[in-house]
Q: 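Got a structure here, written out as structure tokens. Questions coming.
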Amino acid sequence: MYDFIIIGAAQAGLSMAYELKQLNKNFLVLDKEDEIGASWLRRWDSLTLFTPTEFNNLKGLEFPAEKGHYPNKYEVAEYFKKYVKEFDIPVQLNTFVEHIDKKNGIFKIETDQGEFFAKQIIIATGPFHIPYTPRFAEKIDTEVYQSHSNFYKNPDKLKDGPSMVVGAGDSGYQILDEISQHSEHDVYFAGDTDVSTLPQEILGKTLWWWFTKFGYLSFSKNSWIGKFISQGKQPIIGTDVKGILQRENVIPVGKCLDAEGETIITEKKELNDVENIVWATGYRPNFSWIEGLELDKDGYPVHQRGVSNNKGLYFIGLPWLHTRGSATLGGIKKDASYLSEYIQNQNIKEVELV
């Protein structure tokens, strides 16, 4: 019987593990991967953070790189490994959580490695659960290589010939940039070309320095400005969108509408020569494995700053858990500190009642 079990050993889970250590709780972190940092290592090879070193610290341990450096995915994974070792965080890897239920005030966690029991649970699995591709992707000929951005590694893995990148978020434009630079063939782009962009540095200061200075990362999702930011289109950060779209081998084709065999139907034309498709089309949440959980219209848990309606069940690492900064490596510690204080206050109340 544990006081707490944390599901997920990336930045969210490790942040809460640090807090529970300070509270002297008996806890365990469960993670389905075979190594710490695996969720980052799975991403494409050239991935780097938008945020420089000084904005990437989890509580208690500085990120080991010089100020102004933009870490790559390997450095992030190594930082997590160092964090686990530094604070002696109990992590059990290769453990996939299949179902969580609560009976008589105790949570039962069913995994592929057996059952665990805890008085309280913290879900730190993040927002990236099920890679999403449109249903018509199933109608595309098997000779066409398809990969979601979650599994894309580098252009060398692609077949020789024209490619298509679908999706106009940061991932889509970064992958479009990389493929079009390394390909002698056409690269079709299916997505919005009318997007706002922000540079990584302005007037000699990093973008995140300005965000911090003006409180952009601290607006609550319940404030009017927080609602305005969260409901609007997110800008593309640190990528020269205009320059990419002006390359001779980059061909914008509007939205991807349908497909049949080797034919890909887009708003502007039908394509019959595509050899590779990278779907940078985002993810869908999946919390169906938590019994009795109330979800909102977008499929995310109903909560108040990470505190769910189910007593003893908490969430961290969700997009806009409280602020825009909740989704950042350096910002997650504020949410962890809040949950730690909430848990401590709840314990005090229970002791007083006894």
Q: As an exercise, state the distance from CD of Gln120 to NZ of Lys102, rounded to the nearest 0.5 Å.
A: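 Going from CD on Gln120 over to NZ on Lys102, the span is 8.5 Å.
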Q: Indicate yes or no for a side-chain donor-acceptor contact from Asn276 to the backbone of Ser163 under 3.5 Å, with no hydrogens or angles considered.
A: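 No.
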Q: Indicate yes or no: at least one non-hydrogen side-chain atom of Lys153 is less than 4.5 angstrom from one of Trp44.
A: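 They are not in side-chain contact.
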Q: With heavy-atom distances below 4.5 Å as the criterion, would you say the side chains of Ser171 and Arg43 are in contact?
A: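 Counting from C-beta outward, Ser171 and Arg43 do come under 4.5 Å.
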Q: Is the CD atom of Glu35 crowded by more than 12 outside heavy atoms at less than 6.0 Å?
A: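 Enclosed: over 12 neighbouring heavy atoms sit under 6.0 Å from CD of Glu35.
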Q: Could you walk me through whether Tyr18 and Leu61 pass the side-chain contact (heavy atoms from CB on, under 4.5 Å) check?
A: CA-CA 10 Å; Tyr18 175 90; Leu61 184 65; over 6 Å; no
Q: Whether the side chain of His185 engages the backbone of Asn249 through a donor-acceptor N/O pair (distance < 3.5 Å, no angle test) should be reported.
A: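 No; judged by distance alone, with no hydrogens or angles, the pair does not exist.
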Q: Give, for atom CZ of Arg247 and atom CD of Gln181, the distance between the pair rounded to the nearest 0.5 Å.
A: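 If I round to the nearest 0.5 Å, the distance is 4.5 Å.
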Q: Under 6.0 Å between ring centres, would you say that holds for Phe287 and His129?
A: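 Ring centroids of Phe287 and His129 are less than 6.0 Å from each other.
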Q: Counting only heavy atoms not in Lys157, do more than 12 fall under 6.0 Å of its NZ?
A: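 Incorrect, the count does not exceed 12.
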Q: If I compare all heavy atoms of Ala137 with all of Gln146, which pair ends up nearest, and what's the gap?
A: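 Nearest heavy atoms, Ala137 then Gln146: O-NE2, 3.2 Å.
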Q: Run the salt bridge (Lys or Arg N to Asp or Glu O under 4.0 Å) test against Arg42 and tell me which residues pass, sequence neighbours left out.
A: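 Counting only residues at least two positions away or on another chain, Arg42 forms a salt bridge (Lys or Arg N to Asp or Glu O under 4.0 Å) with Glu33.
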Q: Determine, step by step, whether Lys32 and Asp112 satisfy the salt bridge (Lys or Arg N to Asp or Glu O under 4.0 Å) criterion, reporting the C-alpha distance in whole Å, the side-chain angles of both residues, the deciding distance to 0.1 Å, and the verdict.
A: CA-CA 9 Å; Lys32 66 180 181 179; Asp112 59 356; over 6 Å; no
Q: Determine, step by step, whether Asp45 and Lys73 satisfy the salt bridge (Lys or Arg N to Asp or Glu O under 4.0 Å) criterion, reporting the C-alpha distance in whole Å, the side-chain angles of both residues, the deciding distance to 0.1 Å, and the verdict.
A: CA-CA 8 Å; Asp45 293 342; Lys73 67 174 187 177; 3.5 Å; yes
Q: Can you tell me if Glu341 has over 12 outside heavy atoms packed within less than 6.0 Å of its CD?
A: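 Check fails, neighbour count at 12 or below.
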Q: Is the Trp40 ring parallel, tilted or perpendicular to the Phe80 ring (thresholds 30°, 60°)?
A: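 Aromatic pair Trp40/Phe80 classed perpendicular.
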Q: With rounding to the nearest 0.5 Å, note down the distance linking CZ in Arg305 to CD1 in Ile316.
A: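 Atom-to-atom, Arg305:CZ and Ile316:CD1 are 10.0 Å apart.
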Q: Taking the six-membered ring for Trp, are the ring centroids of Phe189 and Tyr173 within less than 6.0 Å of each other?
A: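 Yes.
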Q: Ile5 and Ile7: which non-hydrogen atoms are nearest, and at how many Å?
A: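 Ile5 and Ile7 have their closest heavy atoms at CG2-CD1, 3.6 Å.
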Q: So, do Thr239 and Thr197 sit near enough that their side-chain heavy atoms are less than 4.5 Å apart?
A: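 Heavy-atom side-chain distance check fails, nothing below 4.5 Å.
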Q: Return the CD to CG distance between Glu294 and Asn309, rounded to the nearest 0.5 Å.
A: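 Interatomic distance, Glu294 CD to Asn309 CG, rounded to 0.5 Å: 5.0 Å.
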Q: Check step by step if side-chain contact (heavy atoms from CB on, under 4.5 Å) holds for Leu313 and Ile290.
A: CA-CA 10 Å; Leu313 178 63; Ile290 305 175; 4.1 Å; yes
Q: What's the shortest heavy-atom distance between Leu93 and Asp34, and which atoms?
A: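 That closest heavy-atom pairing would be CD1-O, 3.6 Å.
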Q: Using the rule side chain to side chain contact (heavy atoms under 4.5 Å, CB included), only one of Tyr132, Trp279, Tyr283 pairs with Asn150; which is it?
A: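 Result: among Tyr132, Trp279, Tyr283, Tyr283 is the only option passing the side chain to side chain contact (heavy atoms under 4.5 Å, CB included) with Asn150.
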Q: Output yes when a side-chain donor or acceptor of Ser340 lies under 3.5 Å from a complementary backbone atom of Ala336, and no otherwise.
A: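 Checking the backbone N and O of Ala336 against the side chain of Ser340, no donor-acceptor pair under 3.5 Å is found.
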Q: Looking at Lys103 and Lys108, would you say the former's side chain and the latter's main chain have a donor-acceptor pair under 3.5 Å?
A: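 No: the side chain of Lys103 does not pair with the backbone of Lys108.
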Q: For residues Leu245 and Pro252, report the shortest heavy-atom separation together with the two atoms involved.
A: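 Nearest pair, atom of Leu245 first, then Pro252: CD2-CG, 4.2 Å.
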Q: Using side-chain contact (heavy atoms from CB on, under 4.5 Å), reason through Leu271 and Lys269 one step at a time and then give a plain yes or no.
A: CA-CA 6 Å; Leu271 309 174; Lys269 61 192 303 185; 3.5 Å; yes
Q: Judged by modelled atom types alone, do Glu262 and Asn272 share a side-chain donor-acceptor pair under 3.5 Å?
A: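 No, no side-chain donor-acceptor contact under 3.5 Å.
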Q: Going only through I, L, V, M, F, W and Y residues with side-chain contacts under 4.5 Å, is there a path from Leu49 to Ile236?
A: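 Yes, one cluster joins them.
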Q: Given 3.5 Å as the limit, does a donor-acceptor pair link the side chain of Ser180 with the main chain of Asp177, or not?
A: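 Looks like yes, one N/O pair under 3.5 Å.
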Q: Any heavy-atom pair between the side chains of Thr53 and Lys67 that's under 4.5 Å?
A: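 A side-chain contact is absent here, since even the closest heavy-atom pair is not under 4.5 Å.
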Q: Give the minimum heavy-atom separation between Met164 and Cys256, together with the two atoms involved.
A: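 Taking every non-hydrogen atom into account, CE-SG, 3.9 Å.
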Q: Can you tell me if Glu98 has over 12 outside heavy atoms packed within less than 6.0 Å of its CD?
A: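 Yes - once you tally the heavy atoms of other residues, nucleotides and ligands closer than 6.0 Å, there are more than 12.
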Q: Tell me yes or no: between the side chains of His182 and Asp156, is some donor less than 3.5 Å from an acceptor?
A: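 His182 vs Asp156: no donor-acceptor pair found between side chains.
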Q: Using a 4.5 Å cut-off on heavy atoms from C-beta on, say whether the side chain of Glu291 contacts that of His99.
A: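 Yes, side chains in contact.
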Q: Under 3.5 Å, side chain of Asn57 to main-chain N/O of Phe63, donor-acceptor pair present?
A: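 At least one qualifying donor-acceptor pair exists.
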Q: Between Tyr314 and Tyr342, what is the ring plane arrangement, given parallel below 30°, perpendicular above 60°, and tilted in between?
A: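 Rings of Tyr314 and Tyr342: perpendicular, over 60°.
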Q: Same cluster for Val84 and Leu329 if Ile/Leu/Val/Met/Phe/Trp/Tyr side chains link at under 4.5 Å?
A: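 Val84 clusters together with Leu329.
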Q: Apply the test side-chain contact (heavy atoms from CB on, under 4.5 Å) to residues Ile100 and Ile123: give CA-CA distance (whole Å), side-chain angles for both, the deciding distance (0.1 Å), then the verdict.
A: CA-CA 11 Å; Ile100 292 178; Ile123 308 298; 3.9 Å; yes
Q: Can you confirm whether the side chains of His69 and Glu75 place a donor and an acceptor under 3.5 Å from each other?
A: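 Result is yes, a qualifying pair exists.
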Q: If you define the side chain from C-beta out and look only at heavy atoms, does anything of Glu178 sit under 4.5 Å from Tyr152?
A: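 They are in contact (side-chain heavy atoms under 4.5 Å apart), so the answer is yes.
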Q: Should we say atom NZ of Lys25 is surrounded by more than 12 heavy atoms from elsewhere, each under 6.0 Å from it?
A: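 It does: Lys25 NZ has more than 12 such atoms within range.
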Q: With rounding to the nearest 0.5 angstrom, report the NZ to CG distance, Lys139 to Asp141.
A: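 Output value for this atom pair is 13.5 Å.
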Q: Tell me every residue that passes salt bridge (Lys or Arg N to Asp or Glu O under 4.0 Å) with Lys59, counting only those two or more places apart in sequence or in another chain.
A: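 Partners of Lys59 by the salt bridge (Lys or Arg N to Asp or Glu O under 4.0 Å) criterion, ordered by chain and then number, come out as Glu19.
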Q: What is the distance from atom CD1 of Ile343 to atom CG of Asp3, rounded to the nearest 0.5 Å?
A: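 One gets 10.5 Å once the value is rounded to the nearest 0.5 Å.
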Q: Could you report the tightest heavy-atom contact between Ile237 and Asp170, atom names first, then the distance?
A: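 Shortest heavy-atom separation between Ile237 and Asp170 comes out as N-OD1, 2.9 Å.
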Q: Looking only at atom types and distance, does a side-chain atom of Asn310 sit under 3.5 Å from a main-chain N or O of Gly312, one as donor and one as acceptor?
A: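 It does not hold such a pair.
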Q: Count the heavy atoms of every other residue, nucleotide or ligand shown that sit under 6.0 Å from CD of Glu115, and state whether that count exceeds 12.
A: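 Yes, CD of Glu115 has more than 12 neighbouring heavy atoms, counting only those of other groups under 6.0 Å.
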Q: Between Lys81 and Ile36 (side chain of the first, backbone of the second, donor and acceptor by atom type, cut-off under 3.5 Å), is there such a pair?
A: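 Yes.
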Q: Side chains of Tyr79 and Asn56, heavy atoms from C-beta outward: is any pair under 4.5 Å?
A: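 Not touching, per the 4.5 Å side-chain cut-off.
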Q: Between Gln113 and Phe96 (side chain of the first, backbone of the second, donor and acceptor by atom type, cut-off under 3.5 Å), is there such a pair?
A: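 The answer is no, because no donor-acceptor pair under 3.5 Å joins these two groups.
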Q: Between Thr125 and Trp289, is any pair of side-chain heavy atoms under 4.5 Å apart?
A: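 Of all side-chain heavy-atom pairs linking Trp289 with Thr125, at least one is under 4.5 Å.
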